[in-house]
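See structure below.
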Amino acid sequence: METVTSDEQVFDLLDQRLVQALMVDGRAAFSRIAAVLGTTDQTVIRRYRRLRGAGLLRVLGLPEGERVGLYESRLRIQCVPGAAVAIAEALARRPDTAWVKIYSGGTEVGCLVSSRTREDHEALLLRKLPRTQQVTGVTAQTMLHEYTGGANRRFGRDRLTAEEIAALEPGPVDGEGGAGEDSEDLVRLDDADHAMLAVLARDGRAGYPELAKAAGRSESTVRRRIEYLRGSGAISFHVEVHSIHFGFGIEAGISATVAPSDLAAAGRALAEHPQVPFAAAVTGAANLAATVLCRDQRDLYRYMTEGIGALTAVHRLEVLPVLRQVKRAGLLSDGSRLYDAP
């Protein structure tokens with residue numbers, strides 16, 4: 001029987017190909033994945049269950065803030081020495097946070113906050129955090145535009161060919177799924193949608209019977225609604241896996257300052273770099289934010305000098321190595337393992 005322990009740092013080739021197949025389509029049928037990867041259904045199912053059961057892999061279905069009207073801010077929180085772990089863990093337990101991390105030096109915490117109402121958002125930014133005695137400063141940036149493909153860009157796609165990626169891409173959506181919003185309007189989520197999302201936030205591959213029970217709708221209605229929400233960009237399916245299992249030992253946050261006239265071109269160029277799973281235009285003096293994954297310090301140095309360093313539009317650059325990842329898109333982290341928040 002195949003086994004995996006949290007001490008194993010690198011997945012084998014089939015593990016990596018399975019993970020990257022799920023990055024293309026987190027809800028793809030195992031039979032479809034098996035056909036593309038050239039193996040059996042049973043092998044794919046066994047691998048997935050093994051990785052998920054060991055706490056090394058999760059697929060999550062999450063709302064896209066810009067499309068569903070969430071209030072989102074990227075926070076950098078400065079704190080007194082020794083307080084970062086407690087502050088990061090408190091933030092990670094909140095249902096409205098993601099990507100909670102402690103930067104090297106141990107006195108700064110970063111996170112993304114996504115609130116359903118302006119009041120909840122302002123309460124955290126204006127009252128709760130400023131009143132925390134161990135917090136010495138808070139910087140909040142609004143994400144204006146994301147240049148990368150989010151979850152599907154994590155760790156690149158170097159284990160799949162272009163033909164395999166094309167074979168895994170979700171097909172076009174038939175029908176509207178009941179909402180009728182066009183591509184420029186916000187997608188309105190009702191109580192049934194939120195009930196489905198609560199299930200998908202814990203298991204993005206949850207079956208339609210479970211989703212139908214949570215939403216109080218028929219399976220066919222739920223299937224059409226999920227397809228619509230996905231096709232309209234209102235929800236996406238994220239693959240949670242630690243970068244160390246793909247051989248990337250260093251993660252760093254990037255804050256860059258670019259002239260407004262060059263921002264779009266610089267953001268698009270940055271998004272093409274295989275080391276960058278996330279890049280976005282943000283408010284503030286440092287108007288371009290990114291996450292960089294590198295194998296080691298020398299790899300990070302090469303990227304700073306030859307990768308982002310080649311973008312002449314970047315005037316100022318701040319690199320913040322991540323000391324500890326406390327929470328990713330939806331799950332808390334512990335070393336190389338992932339687990340559900342209480």
Checking Arg76 side chain against Ala140 main chain: does a donor-acceptor pair fall under 3.5 Å?
no
Does Asp41 offer a backbone N or O that forms a donor-acceptor pair with the side chain of Ser31 under 3.5 Å?
no
Between Arg230 and Asp25, is there a side-chain heavy-atom distance shorter than 4.5 Å?
yes
CA sep, side-chain torsions, deciding dist, call: Ile254, Leu270, side-chain contact (heavy atoms from CB on, under 4.5 Å):
CA-CA 11 Å; Ile254 298 288; Leu270 196 64; 5.5 Å; no
Are Tyr48 and Ile45 side-chain neighbours, meaning at least one heavy-atom pair lies under 4.5 Å?
no
Tested for side chain to side chain contact (heavy atoms under 4.5 Å, CB included) against Cys79, the lone hit among Ile87, Val138, Thr132 is Ile87
Can you hop from Val109 to Leu75 via hydrophobic side chains spaced under 4.5 Å?
yes
How close do Ser114 and Glu72 get, counting heavy atoms only, and between which atoms?
OG-OE2, 2.8 Å
Cluster overlap Val292 with Tyr103, hydrophobic side-chain contacts below 4.5 Å:
no
Whether Asn287 side chain and Val258 backbone form a donor-acceptor pair below 3.5 Å:
yes
Are Gln16 and Arg159 close enough that a side-chain donor and a side-chain acceptor fall under 3.5 Å?
yes
Less than 4.5 Å apart, any side-chain heavy atom of Arg225 and any of Arg217?
yes
Tyr71 with Val187, same ILVMFWY side-chain cluster at under 4.5 Å:
no
Could you check whether any side-chain heavy atom of Arg74 comes within less than 4.5 Å of a side-chain heavy atom of Ser255, counting everything from C-beta outward?
yes
Check this for me: does any side-chain nitrogen of one of Arg94 and Asp120 sit under 4.0 Å from a carboxylate oxygen of the other?
no
Could you walk me through whether Leu263 and Tyr147 pass the side-chain contact (heavy atoms from CB on, under 4.5 Å) check?
CA-CA 11 Å; Leu263 181 58; Tyr147 297 107; 3.8 Å; yes
Does Ala286 offer a backbone N or O that forms a donor-acceptor pair with the side chain of Gln141 under 3.5 Å?
yes
Run Leu124 and Leu129 through side-chain contact (heavy atoms from CB on, under 4.5 Å) and show every step you take.
CA-CA 6 Å; Leu124 178 63; Leu129 281 174; 3.9 Å; yes
Nearest heavy-atom pair of Ala281 and Leu288: which atoms, and what distance?
N-CD1, 4.5 Å
Any non-hydrogen side-chain atom of Arg324 less than 4.5 Å from a side-chain atom of Val85?
yes
The test is side chain to side chain donor-acceptor pair (under 3.5 Å); show your working for His194 and Arg116 and say whether it passes.
CA-CA 11 Å; His194 287 299; Arg116 289 176 61 178; 3.1 Å; yes
Answer yes or no: is there a side-chain heavy-atom contact under 4.5 Å between Arg205 and Leu22?
yes
So does Glu164 have more than 12 non-hydrogen atoms from other groups sitting under 6.0 Å from CD?
yes
Is Glu122 atom CD crowded by more than 12 heavy atoms from other residues, nucleotides or ligands, each under 6.0 Å away?
yes
Parallel, tilted or perpendicular: rings of Phe11 and Phe246 (30°, 60°):
tilted
Relative to Phe30, does Arg47 satisfy both conditions: NZ or CZ under 6.0 angstrom from the six-membered ring centre, and within 45 degrees of the ring's axis?
no
Worked verdict on Val19 versus His245 for side-chain contact (heavy atoms from CB on, under 4.5 Å):
CA-CA 10 Å; Val19 170; His245 297 303; over 6 Å; no
Quick one: does Thr283's side chain have a donor or acceptor within less than 3.5 Å of a partner on Thr142's backbone?
yes
Let me know which of Glu89, Glu108, Glu251 forms a salt bridge (charged side-chain N to carboxylate O under 4.0 Å, His left out) with Lys101.
Glu251
If hydrophobic clusters are built by linking Ile, Leu, Val, Met, Phe, Trp and Tyr wherever their side-chain heavy atoms come under 4.5 Å apart, do Leu229 and Val199 end up in the same one?
yes
Is there side-chain contact between Thr257 and Val314, with at least one heavy-atom pair below 4.5 Å?
no
Under the 3.5 angstrom rule, does the side chain of Thr136 hit a backbone N or O of Gln78 as a donor-acceptor pair?
yes
Do Val322 and Phe278 share a hydrophobic cluster, counting only Ile, Leu, Val, Met, Phe, Trp and Tyr and linking them when any side-chain heavy atoms are less than 4.5 Å apart?
no
For the residue pair Arg17 and Val36, establish whether any side-chain heavy-atom pair is separated by less than 4.5 Å.
no
Using only atom types and a distance under 3.5 Å, with no angle test, would you say the side chain of Arg93 pairs donor to acceptor with the backbone of Ala88?
no
